[in-house]
Amino acid sequence: MALEPQDVKRAAHLARLGLDDTDADRYVDDLTRILEMADQLQAVDTDGVAPLAHPLDATQRLRADEVTETDQRERFQRNAPAVENGLYLVPRVVE
Amino acid sequence: MHDMTLTELARALEAGEFTSRQLTESLLERIKRLDGELNSFISVTAEQALAAADAADAARARGEAGPLTGLPLALKDIFCTEGVRTSCGSKMLDNFIAPYDANVVEKLKTAGTVSLGKTNMDEFAMGSSNENSYYGPVKNPWDLSAVPGGSSGGSAAAVAAGLVPAALGTDTGGSIRQPAAFCGITGLKPTYGRVSRYGMVAYASSLDQAGPMARTAEDCALLLSAIAGHDLRDSTSVARGVPDYCAELGASLSGLKIGLPKEYFGDGLDPAVESAIREAVKVYESLGATVQEVSLPHTHHAIPAYYVIAPAEASSNLSRYDGVRFGHRCDAPHDLEDLYKRSRAEGFGDEVKRRILIGTHTLSEGFFDAYYKKAQQVRRLIRQDFMDAFEEVDVLMGPSTPTPAFDLGANKDPVSMYLQDIYTIAINLAGIPGISVPAGAVDGRPVGLQILGPHFAESQLLNVAHQFQQVTDWHQQRPAFGKENA
């Protein structure tokens, strides 16, 4: 299916990916061609075929609900762009 | 030393012909001299390497050396390495110093190996040419105007150029096997779940798998024995014993049943590649194997299915890069949404953005059933093709790639680049193991033979590849680049 620039902008917003009008126009053609390729799947008869999410059909393993991780906040926050008193700083959300 | 295999180096270290420090220094010197042109490393960790080499030599002096002690290698920059930048080829992680080691890195350290550094790759492992790296393209040592393949292009080029005897790569749609083929080395993608993904930056979690890249199947067996195994920290890692993959090399191939999927010898295959592959199959016949044609009827649906499933998983996995906890953050964001949007717009490259957009679109309301669910159904049919084929034959063989390495800049259109992975991509969807083995050359550019087996048949695949390397010398060919004159 052919995409319109607003479809690309919608996806970009959902993905919180900044995209100006020039970018959106540039991606429309590429993404349309990729989706046209994906549309070939519609020709396959998949009636009664269960979707395959895991190549070995494994299911998610469960474990006891116990704390196993130790607190390593300082160590992990060394990679953070901005922290204060152990908290991650972001622009004000609530006025 | 730089021409030797891991197995040969292990014997030489054991015999005291040289120390791990001498070996490490010699390879670091080669990297310094040659990698400016090749660009196969993003980070060279010389100081840590020399310390690890000294520790390995000391362990050997105490009589505590294991099979891998003191052996040098390199790690694709997708594996977290404590205290060392782990960029994943992206501006987004250019400033990211991993706070912990990936499971495979931990295992290789415990085994006494010496990592020389982190190799270049397509950004977030998305690419088939290594041209999508924030750190610039890697060149193919066989021909500097050609790509090394991708996404593990740095690992492949570094091994081919004799900068390291082996490296780890990852393979989501061919990212170990295709660069191994393009660079004339041996590369194995294990069964999904065989090797832990813990600490491996996620691209498409139901397809990603780490594996060894080296000069020989024997070396791949040595490395796989060290990195395979169950890990509680990766919920998809399989609880299943790990055989000694080296112990199983040597079985006769008499009576081996080889299937040639007819879809892997059709339109789009370079005739010179095809004749190299058919020659290789003849070698197997001379070793006592029988050959028959088989069919994998859903082959041509693998690329469309992959380009729905992988971007969908990627769009979800890459949502963690938000500019808040780690990674790139834009300057002076005026609100939280601006922080997210600009940090991600600045941090990600073009191909990564394309896949995030595709994945977000196909997962969004109204499109999910038509794309994602449909692709997962087709995925089951693709896996069934392989299971049916393995009822008839032991292994499948075909070309790893439709052509030898293409020129840098040759595939500007994303879809034409995606089509390069026609023979490798279905294997990840099915979760089966595959290995690429050097099997010829076209105009000086290597050709790879791909061998596929059922789930957990790594021992057999490695032996089948090893037997080929006992009677052919394609794996011993070296590029002119970096050859010592002395």
Side-chain angles (χ1 to χ4, degrees), chain A residues 1 3 7-20 23-24 26-27 29-31 33-58 60-63 68 72 75-83 88-93, chain B residues 95-97 99 192-193 206 232 235-236 238 298 301 303-305 307-308 315 319 322-327 329 333-342 344-345 348 353-354 356-358 360-362 364 370-371 373-381 383 413-415 418 429-432 455:
Chain A
M1 62 175 269
L3 286 182
D7 298 320
V8 176
K9 282 189 220 161
R10 172 175 167 269
H13 174 68
L14 288 172
R16 298 298 183 269
L17 190 60
L19 214 60
D20 60 28
D23 288 334
R26 201 159 52 85
Y27 283 115
D29 287 347
D30 282 351
L31 300 189
R33 263 176 305 167
I34 296 168
L35 286 178
E36 276 169 0
M37 181 183 75
D39 284 336
Q40 294 168 23
L41 295 174
Q42 303 310 324
V44 187
D45 179 5
T46 52
D47 269 2
V49 179
L52 179 69
H54 183 293
L56 303 171
D57 276 327
Q60 199 71 359
R61 199 169 48 233
L62 299 176
R63 62 165 176 81
T68 54
Q72 303 183 62
R75 189 160 168 223
F76 294 148
Q77 288 194 333
R78 263 179 243 149
N79 273 305
V83 290
Y88 293 95
L89 294 188
V90 294
R92 179 179 293 276
V93 177
Chain B
N95 61 4
F96 178 67
I97 310 293
Y192 182 77
S206 80
L232 287 173
S235 67
T236 61
V238 175
H298 294 91
H301 300 304
I303 290 179
Y307 279 99
V308 172
S315 72
S319 65
D322 57 4
V324 174
R325 292 155 303 157
F326 59 94
R329 168 182 275 196
H334 56 76
D335 59 23
L336 190 56
E337 185 162 302
D338 181 47
L339 185 159
Y340 292 148
K341 286 190 168 175
R342 270 201 296 134
R344 288 163 64 79
F348 293 136
K353 288 180 187 171
R354 267 195 286 272
I356 289 174
L357 290 170
I358 283 288
T360 307
H361 178 77
T362 57
S364 65
Y371 286 113
K373 189 178 162 212
K374 185 80 180 178
Q376 285 194 318
Q377 289 174 307
V378 172
R379 183 176 186 178
R380 184 175 296 279
L381 297 175
R383 189 185 65 165
D413 161 54
V415 173
Y418 299 167
L429 292 168
I432 60 172
H455 293 128

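Per chain, numbering begins at 1; letters A, B, ... match sequence-line order.
- Residue R92(A) does not touch chain B at all, counting heavy-atom pairs closer than 4.5 Å.
- Residues A370(B) and Q42(A) approach most closely at O-NE2, 2.7 Å, considering heavy atoms.
- For P414(B), the part sitting under 4.5 Å from any heavy atom of chain A is the side chain, from C-beta outward, and nothing else.
- Contact tally against chain B (heavy-atom pairs below 4.5 Å) for A12(A), A43(A), G18(A): the top residue is G18(A).
- Within the 4.5 angstrom heavy-atom criterion, atoms from both the backbone and the side chain of R354(B) approach chain A.
- Taken from OG1 in T360(B) to CZ in R16(A), the straight-line distance is 10.5 Å, to the nearest 0.5 Å.
- Counting heavy atoms from C-beta outward, L14(A) and S364(B) have side chains that approach closer than 4.5 Å.
- Nearest heavy atoms, L339(B) versus P91(A): CD1-CD, 3.4 Å.
- With K374(B) contributing its side chain and V44(A) its backbone, the two residues share a donor-acceptor pair below 3.5 Å.
- Heavy-atom minimum distance, A345(B) versus L17(A): N-CD1, 4.0 Å.
- Contact annotation for R10(A): only side-chain heavy atoms (C-beta onward) come within less than 4.5 Å of a heavy atom of chain B.
- Of the listed residues (V238(B), D322(B), L381(B)), the greatest number of heavy-atom pairs within a distance under 4.5 Å of chain A belongs to L381(B).
- Summarising the geometry of P81(A) relative to G323(B), their closest heavy-atom pair is CG-O, 3.5 Å, with the distance given to 0.1 Å.
- To the nearest 0.5 Å, atoms NE2 (H54(A)) and CD (Q376(B)) are separated by 12.0 Å.
- K353(B) and D23(A) are not joined by a salt bridge, as no carboxylate oxygen comes within less than 4.0 angstrom of a charged side-chain nitrogen.
- Both the backbone and the side chain of S206(B) have a heavy atom closer than 4.5 Å to some heavy atom of chain A.
- The contact between V415(B) and chain A is made entirely by side chain atoms (from C-beta outward), counting heavy-atom distances below 4.5 Å.
- If you measure heavy-atom distances from L429(B) to chain A, the contacts under 4.5 Å come from the backbone alone.
- Contact check for L232(B) versus R63(A): no side-chain heavy atoms found under the 4.5 Å cut-off.
- Taken from CG in L3(A) to CD1 in I358(B), the straight-line distance is 6.5 Å, to the nearest 0.5 Å.
- In this structure, chain A has heavy atoms under 4.5 Å from both the backbone and the side chain of H301(B).
- Counting heavy-atom pairs closer than 4.5 Å to chain A, the top-ranked of the candidates Y192(B), Y340(B), Y418(B) is Y192(B).
- With sequence neighbours left out, the ring-ring contact (aromatic ring centres under 6.0 Å, His included) criterion links Y27(A) to no other residue.
- Here F326(B) pairs with F96(B), Y321(B) under the ring-ring contact (aromatic ring centres under 6.0 Å, His included) rule; sequence neighbours left out.
- A salt bridge links D57(A) with R380(B): the distance from a Lys NZ or Arg NE/NH1/NH2 to an Asp or Glu carboxylate oxygen falls below 4.0 Å.
- Counting all heavy atoms, side chain and backbone alike, G431(B) lies closest to P55(A) at CA-CB, 3.6 Å.
- A430(B) touches chain A through its backbone: at least one of N, CA, C or O sits under 4.5 Å from a heavy atom, while the side chain does not.
- Contact annotation for V378(B): both backbone and side-chain heavy atoms come within less than 4.5 Å of a heavy atom of chain A.
- The backbone N or O of N79(A) sits nowhere less than 3.5 Å from a side-chain atom of N95(B) that would complete a donor-acceptor pair.
- Contacts of V90(A) with chain B are made by both backbone and side-chain atoms, with heavy-atom separations under 4.5 Å.
- Using a 4.5 Å cut-off on side-chain heavy atoms (C-beta onward), M37(A) and I303(B) make contact.
- For a residue to count as touching a neighbouring chain, one of its non-hydrogen atoms must lie under 4.5 Å from one of that chain's; by this rule A58(A) does not touch chain B.
- Interface check for chain B: of the options T68(A), L56(A), L89(A), the most heavy-atom pairs under 4.5 Å are formed by L56(A).
- Both the backbone and the side chain of L357(B) come within contact range of chain A, each with at least one heavy atom under 4.5 Å from a heavy atom of that chain.
- Proximity to chain B is limited to the side chain of R26(A), based on heavy atoms less than 4.5 angstrom apart.
- Between chain A and the options R344(B), H455(B), Q377(B), R342(B), the largest number of non-hydrogen pairs under 4.5 Å is found for Q377(B).
- Contact annotation for S235(B): both backbone and side-chain heavy atoms come within less than 4.5 Å of a heavy atom of chain A.
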